[in-house]
Chemist: 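Below is one structure. I have some questions about it.
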2 protein chains.
Amino acid sequence: MKRNPATLKDIAEKLGLNKSTVSRALKDHPDVSQKTRDMVKRMAKKLHYVPNTVAASLRHKKSKVIGLLAPQISHFFLPSVIEGIEEVVHKYGYNLLILQSKESYEREVENLDILIANNVEGIIASVSRTTTDFTHFQQVINMGLPMVFYDRVVQDINTDVVLLDDTSAAFDAVSHLISKQRKKIAICTGNINLLISRNRLNGYKSALKNYGIEYNEDYVISCEWPEEAKRKTIDLLELPDPPDAIFAISDLTLSGVMQAIYSKGLPVPNDISVVAFCEEPFRSMYNPVITAIQPKGLEIGKTSAEMLFQRIKISPFADPEPRVVYLDGQLIVGGST
Amino acid sequence: MKRNPATLKDIAEKLGLNKSTVSRALKDHPDVSQKTRDMVKRMAKKLHYVPNTVAASLRHKKSKVIGLLAPQISHFFLPSVIEGIEEVVHKYGYNLLILQSKESYEREVENLDILIANNVEGIIASVSRTTTDFTHFQQVINMGLPMVFYDRVVQDINTDVVLLDDTSAAFDAVSHLISKQRKKIAICTGNINLLISRNRLNGYKSALKNYGIEYNEDYVISCEWPEEAKRKTIDLLELPDPPDAIFAISDLTLSGVMQAIYSKGLPVPNDISVVAFCEEPFRSMYNPVITAIQPKGLEIGKTSAEMLFQRIKISPFADPEPRVVYLDGQLIVGGST
DNA sequence: ACCGGTTGTGCAACCGGTTGTTGTTGTAAG
DNA sequence: CTTACAACAACAACCGGTTGCACAACCGGT
């Protein structure tokens, strides 16, 4: 019972018209008489005509598709970002093609080609953890394809970028701990290749410096996964002079840190305080609720998409100045400090 | 500096060949001599040729794209499903176009047309909460487009379906509580319009019955959001004869339940035990780690995709028997029981 | 009857890759 | 020295919608 969807030609033949007339009629082109338009539209509805965007896309090279290149659809951050992007993309009548690089440089390169091959009109990207060479991105930009980076960005690249102001958010988080009389503050950071990790670490350092607390390398651990964070946090807590506060720079590391604290049975925040970067629904799953910086995934998604559409809508000849947008990550105080 | 990507014609002209020859050379068609193939491939690499899948798609009506129609990209369940689907889709060399219906019937219908317009080769769908008329799905199936439903399924429709065996998983969860000497077991269920909620409630009831425990309506609350769950759970805990165990049927309700328990300061599992349907990374964010049924989002995603590809790969004339696959939601014991 | 201008529609090329068919070589068999 | 048939490459149509241009029909004005 395979039945192909109706095409312009089908409508044209039924009505004894040419497909070009049908095409124009359906988009209310003024060249076509009102009578013909009505006739065509009625027939189109009757045949349940769905215009083939693939064909249209081939012709005018506009696919109405935006590509999203993400490292991983993890549970914590990306869903918020996608939600934000999707909202804007839908508003503009576009669709979203999502590809994961799975933190692999090769897949990232491959995925960029896939997006190009699919005639996407713009790309929103976050860089894989293992990527150190960024020429593939630069090539795409040189092709004139609008591109916006979020979260994990490429330095010295000639396009828009949306970020959390990580350094100052981290500064605020650590300052908050200090205001609660904490002096022995540990940080659980991520893969130090990532700008995010470095920036958050820098915010941590400058907060310490600002309040005259000495930076202690023993209090710095770097972890990519909860298990690693748990293990290394336990090591921290077993130091002769253990920290009295921990700053976890992501939801994933936070999970490990809290498991470690739970396992040692330490009361929070009495024996140890905790702050983290953590999305809203997750803060309150811990006991006590975590004092956290909002990573603002939703806003990052929305902003990236809006900036991308600004680039798409303007003439391809105009090459707007690359913009860097910093969003403020607000600190929300919970019971953990 | 707008530069369009190289096409077959570009390569052909540079080499004094015809584009058809170039096309065949690139796919190692035996009609083309080895020498020509090498020459073409070298030139293709040099020009960074990326085949335009849109054009190919138009020709042979294979877009290498699968459509995913989901109600909402929430944090808890869908990311796992997407991850699973993506893995399989990538394995087959396909891509994923994701659309959200946002629980709206109109958007669901619209999204189906978008998927068709994009020549998707198959659709994986979960039905919106507000959809009561399913003819749009049936139309798509009649067009011969392979389709698989997961999680929220359409009854009496002529295609494959992937589900968790909710009833028996809920039965197991409650039986586990009973085996831990719990007799006053409350349930925090979801929107009772959803089959899922009803099935999990039924599993709960039959477990009680099976062990001769009387069903008590005071112990049944129905909640859609964490706040609601928290409020109603507090009411439960303040009953003259409060429950000694709670069964939360989703991550969202679990979050509210735990907040309530935390706020009352009740020791878990001593005063109150907790089981829930909860994805892996979230169980261990609670203290103690929650005993939970795995909703198996990843497996549901993988299975749906695999079943879809089975339908895609077989001849379109063969119309395989619709299959219903139930996945077992395994109970993983944590410290909460 | 003749002209300039509008209106509505048809024709054909095009986007870029695919594919059935045809055409041109070269080589070996008869 | 034909004839036969590979082997290889060119040609052209096609997918379905879009779009510049041609063209026919019709209008009122001279």
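These numbers were taken from a predicted model, which means no experiment stands behind them. Chain A is the first sequence line, chain B the second, and so forth, proteins listed ahead of strands; every chain is numbered from 1.
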Chemist: Can you tell me the distance, in whole Å, between the NE2 atom of A/H29 and the P atom of C/dG8?
Modeler: 12 Å
Chemist: By nearest heavy atom, map B/T21 and A/D31 onto DNA chain C; which one lands nearer the 5' end?
Modeler: A/D31
Chemist: Any side-chain N or O of A/K27 below 4.0 angstrom from OP1/OP2 of D/dT19?
Modeler: no
Chemist: Which residue, B/A55 or A/L17, contacts DNA chain C at a nucleotide closer to its 5' end, judged by nearest heavy atom?
Modeler: A/L17
Chemist: What heavy-atom pair brings B/Y105 and B/T130 nearest, and what distance separates the two atoms?
Modeler: N-OG1, 3.2 Å
Chemist: Under 4.0 Å between a side-chain N or O of A/S20 and OP1 or OP2 of C/dT9?
Modeler: no
Chemist: Suppose we call a contact any N or O donor and acceptor under 3.5 Å apart; does that hold for the side chain of B/R24 and the base of C/dG20?
Modeler: yes
Chemist: For B/S20 and B/S23, does a side-chain donor sit closer than 3.5 Å to a side-chain acceptor?
Modeler: no
Chemist: Can you find a side chain N or O atom of A/T7 that sits less than 4.0 Å from OP1 or OP2 on D/dC15?
Modeler: no
Chemist: Restricting to non-hydrogen atoms, name the atom on A/I196 and the atom on A/D151 that form the minimum distance, rounded to 0.1 Å.
Modeler: CD1-OD1, 2.8 Å
Chemist: Please confirm whether any donor atom in the side chain of A/K19 sits under 3.5 Å from an acceptor in the base of D/dG17, or the reverse.
Modeler: yes
Chemist: State whether B/K61 places a side-chain N or O below 4.0 Å from either non-bridging phosphate oxygen (OP1 or OP2) of C/dT18.
Modeler: no
Chemist: In whole angstroms, how far is the P atom of C/dT18 from the CG atom of B/L8?
Modeler: 7 Å
Chemist: Take atom NE2 of A/H60 and atom C1' of C/dG16, then tell me their distance rounded to the nearest Å.
Modeler: 15 Å
Chemist: Contact class for B/K62 (heavy atom, under 4.0 Å): base, sugar-phosphate, or nothing?
Modeler: nothing
Chemist: Quick one: do the A/E306 and A/Y92 side chains pair a donor with an acceptor below 3.5 Å?
Modeler: yes
Chemist: Check the distance between D/dG17's C1' and A/I11's CD1 and give it to me in whole angstrom.
Modeler: 11 Å
Chemist: Has A/S23 got a side-chain N or O lying under 4.0 Å from the OP1 or OP2 atom of D/dT18?
Modeler: yes
Chemist: Please determine whether the number of non-hydrogen atoms from other residues, nucleotides or ligands lying under 6.0 Å from atom NZ of A/K14 exceeds 12.
Modeler: no
Chemist: Ignoring backbone atoms, test whether A/N18 places a side-chain nitrogen or oxygen under 4.0 Å from the OP1 or OP2 oxygen of C/dT9.
Modeler: no
Chemist: My understanding is that a pair needs two contacts under 3.5 Å, Watson-Crick or G-U wobble. By that rule, which nucleotide pairs with D/dG20?
Modeler: C/dC11
Chemist: Is the distance from OP1 or OP2 of C/dG17 to the nearest side-chain N or O of B/T53 less than 4.0 Å?
Modeler: no
Chemist: Does a side-chain N or O from A/Y49 land closer than 4.0 Å to OP1 or OP2 of D/dG16, or not?
Modeler: no
Chemist: Rounded to whole Å, please give me the gap between CG in A/L58 and P in C/dA13.
Modeler: 17 Å
